[in-house]
Amino acid sequence: MPASPPTASKSPCPQPLLGQKLLDWYDRHHRDLPWRTTPAAHAKGERADPYRVWLSEIMLQQTTVEAVKAYFRKFTERWPTITELSAADPDDIMKAWAGLGYYSRARNLKKCADLVVAAHQGKFPESEAALKALPGIGDYTAAAIASIAFDIPAAVVDGNVERVISRVFTVETPLPAAKPEIRELVAATMPEARAGDFAQAMMDLGATICTPKRPVCLHCPLRDDCLALRQTDPERYPLKAPKKERPSRQGAAFVAQRSDGAVLLRKRPSSGLLAEMAEVPTTAWTAKQDGDTSTNSAPFAAAWRFSGQVKHVFTHFELRLDVYHASVPDMVIQNGWWTPITEIHEEALPTVMKKAIEAAIPSATKRSIKQA
DNA sequence: CAGGCGTGGAG
DNA sequence: TCTCCAAGCCT
């Protein structure tokens with residue numbers, strides 16, 4: 001009699017059994033999230049609203065579930081359908097997105113909504129390829145919408161899936177080079193039915209059990225199949241290419257305040273960092289270049305007084321801003337506008353700018369103080 | 001295809 | 001304080 005099946009060899013043909021185990025786990029342990037419909041509802045033939053799936057997936061790109069929840073509620077209450085979103089003022093969309101980061105997502109959101117309304121009669125196209133052709137929708141998001149909204153079998157690969165798969169199959173190739181290999185393994189693991197539930201099950205498993213640090217392998221539905229666990233060190237996976245160090249930049253920000261308290265703002269250029277967002281005047285710092293930290297580059301001469309220093313970390317560099325404040329007379333400003341201090345929180349201000357204003361005018365950006 | 005592109009929370 | 005990172009996309 002031949003010996004039992006080969007042990008820890010890396011199977012070139014993963015068992016679809018894994019997929020079923022994962023679905024069984026998902027039926028009992030899925031997270032309830034505002035943009036989701038339940039497995040039970042799917043079993044009755046109900047699907048999630050593609051608009052809500054799309055909106056949530058865009059917001060969730062490189063962003064935590066907790067951070068997204070409030071924004072998702074705000075957007076769906078204000079713009080319940082893609083038609084209404086398409087009809088919105090782009091500046092209102094930027095204001096509503098302010099604080100969530102990666103602002104090209106918000107600009108593409110509007111472009112995508114316009115395209116779906118104009119070219120697709122307000123309905124999202126029901127294929128991966130057609131979805132991927134839309135602005136802001138890449139490999140991951142196209143597969144996610146296709147599977148979750150339309151139940152199309154698509155290999156959904158995000159950071160969670162990369163982690164789960166690389167552990168279960170001990171993928172030794174470092175990311176991002178391992179992506180194609182991981183995609184193949186996902187495709188081979190996918191069950192034939194319940195594409196959307198499977199995708200969300202993989203992501204839930206990665207988010208709650210197969211976490212980056214201290215995974216809870218004892219509760220994992222795949223613990224008997226996981227090669228990394230068998231090797232005793234799941235945290236070793238996924239292997240990643242070494243990261244580069246983050247450079248440091250500096251500049252100055254100028255908070256000008258009129259006698260009635262209004263603050264001078266202007267709009268950033270339409271491309272590059274924080275494109276089309278609002279800002280207080282600053283020196284010309286960029287991701288690659290420092291700006292002046294003195295008052296030499298102030299927007300106009302005034303009694304600028306140093307308010308303090310603000311530190312902010314972007315993905316690819318960190319910024320230290322010297323913040324100056326001045327009380328100034330009424331004046332007309334080109335390329336800018338005055339915003340009452342009580343309405344400052346409604347502007348499309350990125351977090352770094354809120355920090356700068358806060359340094360110059362304590363409590364200015366705190367919504368709760370405004371009626372005082 | 002490597003680099004540009006935000007933010008806030010966890011450890 | 002510092003490091004890592006969370007459901008990536010675009011050029």
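Side chains are part of it too, since the values below use all heavy atoms of this structure and drop only hydrogens, waters and symmetry mates. Here is the naming used below: chain letters follow the sequence lines, and residue numbers restart at 1 for every chain.
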(message) For B:dT7 and A:Tyr103 - does any side-chain N or O of the residue sit under 4.0 Å from the phosphate oxygens OP1/OP2?
(response) yes
(request) Taking the six-membered ring of A:Trp285 (Phe, Tyr or Trp), confirm whether the NZ or CZ of A:Arg268 is under 6.0 Å from its centre and within 45° of its axis. (result) yes
(message) For A:Trp54 and A:Phe124, take the angle between the two ring planes, folded into 0 to 90°, and tell me which bin it lands in: parallel under 30, tilted 30 to 60, perpendicular over 60.
(response) tilted
(message) Please classify the nucleic acid contact of A:Arg36 as base, sugar-phosphate, or nothing, using heavy-atom distances under 4.0 Å.
(response) base
(message) For the aromatic rings, using the six-membered ring if either is Trp, is the centroid distance between A:Trp35 and A:Phe72 under 6.0 Å?
(response) yes
(request) Calculate the interatomic distance between A:Leu274 atom CG and B:dT7 atom C1'; express it in whole Å. (result) 11 Å
(message) So, under a plain 3.5 Å distance rule, would you say the side chain of A:Thr64 forms a donor-acceptor pair with the base of B:dG8?
(response) no
(message) Rounded to whole Å, please give me the gap between CD in A:Glu276 and C1' in B:dC5.
(response) 14 Å
(request) Check whether any side-chain nitrogen or oxygen of A:Lys288 sits under 4.0 Å from OP1 or OP2 of B:dG4, and answer yes or no. (result) yes
(request) Measure the acute angle between the ring planes of A:His30 and A:Tyr26, then classify it against the limits of 30° and 60° as parallel, tilted or perpendicular. (result) tilted
(request) Would you tell me if any nitrogen or oxygen in the side chain of A:His312 comes within less than 4.0 Å of OP1 or OP2 on B:dG6? (result) no
(message) Please compare A:Lys244 and A:Phe314 by the position of their nearest nucleotide in DNA chain B and report the one closer to 5'.
(response) A:Lys244
(message) What is the distance, to the nearest angstrom, from the CG atom on A:Leu100 to the P atom on C:dC9?
(response) 15 Å
(message) From OH of A:Tyr71 over to P of B:dT7, roughly how many Å is that when rounded to an integer?
(response) 9 Å
(message) From CG of A:Leu239 over to P of C:dC4, roughly how many Å is that when rounded to an integer?
(response) 15 Å
(request) Nearest whole angstrom, please: distance from the C1' of C:dC5 to the CG of A:Leu175. (result) 13 Å
(message) On the side chain of A:Thr63, is there an atom forming a donor-acceptor pair with the base of B:dG6 - under 3.5 Å, no angle test?
(response) yes
